[in-house]
Amino acid sequence: MNYKIPRGTFDIIPPQSAKWNYVKDVFRRVASSFGYEEITTPIFEMAELFERSSGESSDVVQKEMYRFTDQKGRTFALRPEGTAPVVRAFVENHLDKTAAHSKFYYMGPMFRYDRPQAGRYRQFYQYGIEFIGSNNPYYDAEVIALEQMFLKELGLKDFRLEINSVGCGNCSKEYEKALREFFQPVFDKLCEDCQNRYENNPRRILDCKVPSCKELRHGAPSQLDYLDDDCQDHFEKARLYLEQMDVDYVVNPSIVRGLDYYTNTAFEFIVDSLGAQNTIAGGGRYNGLIEQIGGRATPAVGFAGGFERLILALESQGISFPEELAPDVYVIAMGESAESYAMRPMQAIRKAGIYAEYNPDKSSFKSQMKAADQSKARYAMIIGEEEVTLDKPMLKNLSDGTQENLSLNQIIDRIKDN
RNA sequence: GUGGAUGUAGUUCAAUGGCAGAGCACCGGAUUGUGGUUCCGGGCGUUGCGGGUUCGAGUCCCGUCAUCCACCCCA
């Protein structure tokens, strides 16, 4: 084998591809029932789009972005996430001026240079929802309810929703200041990672798994105590709507989003059994992003989910996917004249929308019957010298063993009847 | 980017430093007109790749690549 797939990437081949299509179909259906429409953007954009939107100091920008320059020296990046491109498209198509609000869903590959492990890949596939155009907390609840309905529709069990509010530009900064003041006296006792977090993202100290850091954060201030009146009200209303829509959640004040543009509501859907990479979807409100990208200030909320992790979770829970496609009819022909005769009824059957399978490489009659059986076809259409003379193939019901010589029309009717 | 585990047939796994094997799957056959069971037959695998030690390496050593686990980060 001379060529190998790049690290952290994977092929989606049958029968796995059928599972992916099924999950995508369900997502499309659920998104449509909430009025969301599909948007597709390029998989690469100007690198600056992500640098500005995600935040220069974010891990995504600092070390995970696939950057490249083209023949004219322009710097692009393979998209590490889906929201910034959607917002770019929104602004570039003047939707900030022409639409009261926009409801988008998307799916496609994202790219991050990260060390692969189960549930984490360098090219991975996300689905996402973006609602742009209102600060009404109803929409926070709507996008969350959509994701929950999607997961339930697939039959996923044992997942939980955690929500938080990270506040707006003002109260968020106040809170981080308070956090730094709280940890400042014990700075030397924090682990090395947390000492870095202290400057870059002090909220993450609340998430650290090192026991000593867990001790040190007892009594640390909570973002929820630092929300200003508007943010407080927004969070309460979003929670109320969730309750009214029967969406179960727990408030987790230590939820942090990795990208800089999030405001107010932040949330994650988590499946514990997945291991370290257990967040299957995450998102929140990003009221400042559109203006930051150059559009008119427009509030928005959305989320993204990972197909790999979702499918991993579904499989580990033994959830059934639609059965693989089995032929309706398996065509068996004996002898040269039968083989050429068989083409005509076979094509007619296919044209009628019936799945007919045929394997000319199987030599003996017996091996053809065996193949018909293994294919799980409902019927075998058997054609030999007699059938050619009669111009009536034999249709055999493979589950009860009955068989009968029938005209082409009779065959099609019979198969369509059940 | 850091630490650890593992790489043998399509797959799941064997093989004290001494002839690379088995189950399952797959293919063919047991009178080219009747399928699931059964029986018979079918494997020359760069033992992930490259070096080294040795009379001899799947096995020991070094490097490398990949996967997995944890950290980190996140979907």
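The sequence lines fix the lettering, A, B, ..., with proteins before strands; numbering per chain opens at 1.
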Describe the nucleic acid contact of Gln368(A) in one word from base, sugar-phosphate, nothing, applying a heavy-atom distance below 4.0 Å.
nothing

Nucleotide opposite A25(B) in a Watson-Crick or G-U pair, distances under 3.5 Å
none

Pairing check on A70(B): which nucleotide meets the Watson-Crick or G-U wobble criteria with it, both distances under 3.5 Å?
U2(B)

Taking atom NZ as the centre, does Lys19(A) end up with more than 12 heavy-atom neighbours from other residues, nucleotides or ligands that are less than 6.0 angstrom away?
yes

Protein-nucleotide distance (Arg115(A), atom CZ; C72(B), atom P), rounded to Å:
14 Å

Donor/acceptor link under 3.5 angstrom from Arg7(A) side chain onto base of C65(B):
no

Among A70(B), U2(B), U67(B), which nucleotide has an atom closest to any side-chain atom of Ala276(A)?
A70(B)

CG of Asn397(A) versus P of G35(B): gap in Å, rounded?
15 Å

Under 3.5 Å for both donor-acceptor distances, Watson-Crick or wobble: does G43(B) have a partner, and if so which one?
none

Indicate whether OP1 or OP2 belonging to C72(B) is found under 4.0 Å from a side-chain N or O atom of Arg112(A).
no

C1' atom, C13(B) versus C49(B): distance in rounded Å?
23 Å

Which base sits across from G33(B) as a Watson-Crick or G-U pair, both distances under 3.5 Å?
none

Could you tell me how far G42(B) sits from G18(B) if I compare only their C1' atoms? Round to whole Å.
29 Å

Is the Phe10(A)-Tyr121(A) ring centre distance short of 6.0 angstrom?
yes

Scan every strand shown for a Watson-Crick or G-U wobble partner of A15(B), both distances under 3.5 Å, and answer none if you come up empty.
none

Gap between atoms OH and C1', on Tyr121(A) and C73(B) respectively (whole Å):
16 Å

Any donor-acceptor pair, under 3.5 Å, between the side chain of Lys396(A) and the base of U34(B), if you only look at N and O atoms?
yes

Candidate nucleotides G33(B), C72(B), C69(B), ranked by approach to the side chain of Glu387(A) - the nearest
G33(B)

Establish, for the pair Lys103(A) and Phe131(A), whether the NZ or CZ atom is under 6.0 angstrom from the six-membered ring centre and no further than 45 degrees off its axis.
no

Please state how far atom CZ in Phe111(A) lies from atom C1' in A75(B), giving the value in whole angstrom units.
14 Å

Taking the P atom of each, how far is G48(B) from U32(B), in whole Å?
45 Å

Tell me whether the side-chain N/O atoms of Lys366(A) come closer than 4.0 Å to OP1 or OP2 in G29(B).
no

Suppose we define a pair by two distances each less than 3.5 Å, Watson-Crick or G-U wobble; what does G56(B) pair with here?
none

Rounded to whole Å, the CG-C1' distance (Asp59(A) to C71(B)) equals 13 Å

Give the nucleotide from the list G3(B), C73(B), C69(B) with an atom nearest to the side chain of Gln117(A).
C69(B)

In whole angstrom, give me the gap between the C1' atoms of C65(B) and G28(B).
38 Å

Most 5' of Thr279(A) and Met394(A) on RNA chain B, judged by nearest nucleotide
Met394(A)

Go through A75(B), C72(B), G35(B) for me and flag the one nearest to the Glu308(A) side chain.
A75(B)

Partners passing side-chain hydrogen bond (donor to acceptor under 3.5 Å, both in side chains) against Glu45(A) (at least two apart in sequence or in another chain)
Arg88(A)

Would you say Ser364(A) places a side-chain N or O within less than 4.0 Å of OP1 or OP2 belonging to G28(B)?
no

Between C40(B) and G33(B), how far apart are the P atoms? Round to whole Å, please.
25 Å

Roughly, in whole Å, what's the span from CD in Glu81(A) to P in A75(B)?
8 Å

So, for Phe269(A) and Phe303(A), is the gap between ring centers shorter than 6.0 Å?
no

Counting any heavy atom closer than 4.0 Å, what does Ala281(A) reach on the DNA or RNA strands: base, sugar-phosphate only, or nothing?
sugar-phosphate

Mind checking the C1' distance from A75(B) to G43(B)? Whole angstroms is fine.
42 Å

With the side chain of Asp193(A) defined as its heavy atoms from C-beta on, choose the nearest nucleotide among C71(B), A75(B), G36(B).
C71(B)

By the 4.0 Å heavy-atom rule, please label Gly335(A) as base, sugar-phosphate, or nothing.
nothing

Would you call the rings of Phe76(A) and Phe68(A) parallel, tilted or perpendicular if under 30° counts as parallel and over 60° as perpendicular?
tilted

Face-to-face contact Phe124(A) to A75(B) six-ring, under 5.5 Å, under 30°:
yes

How many Å lie between NZ on Lys370(A) and P on A25(B), as a whole number?
12 Å

Heavy-atom nearest nucleotide on RNA chain B for Gln126(A) versus Lys63(A): which residue maps closer to 5'?
Lys63(A)

Apply the side-chain hydrogen bond (donor to acceptor under 3.5 Å, both in side chains) test between Tyr249(A) and each candidate in Arg160(A), Glu162(A), Arg239(A); give the one that qualifies.
Arg239(A)

Under 4.0 angstrom, heavy atoms only, what part of the nucleic acid is Gly119(A) near: base, sugar-phosphate, or nothing?
base

Any-strand Watson-Crick or G-U partner of G63(B), both distances under 3.5 Å
C49(B)

When the P atoms of U46(B) and U34(B) are considered, how many whole Å apart are they?
41 Å

Is atom CD of Glu315(A) surrounded by more than 12 heavy atoms (other residues, nucleotides or ligands) closer than 6.0 Å?
yes

So what does Glu268(A) hit on the nucleic acid, given a heavy-atom distance under 4.0 Å: a base, only sugar-phosphate, or nothing?
nothing

Nearest of C69(B), U32(B), C72(B) to any side-chain atom of Lys209(A)?
C72(B)

Indicate, with a heavy-atom threshold strictly under 4.0 Å, whether Leu398(A) touches base, sugar-phosphate, or nothing.
base

Applying a 4.0 Å non-hydrogen cut-off, can you work out what Gly8(A) is touching in the nucleic acid: base, sugar-phosphate, or nothing?
sugar-phosphate

Is the ring pair Tyr113(A)/Tyr66(A) parallel, tilted or perpendicular, if the boundaries are 30 and 60 degrees?
perpendicular

Identify whether any heavy atom of Gly282(A) sits under 4.0 Å from a base atom; if not, whether one sits that close to sugar-phosphate; answer base, sugar-phosphate or nothing.
sugar-phosphate

Gap between atoms CE and P, on Met369(A) and G29(B) respectively (whole Å):
15 Å

Give me the distance, rounded to whole Å, that separates G58(B) from G7(B) when you measure between the P atoms they each carry.
15 Å

Give the nucleotide from the list G29(B), U34(B), A75(B) with an atom nearest to the side chain of Ser367(A).
G29(B)

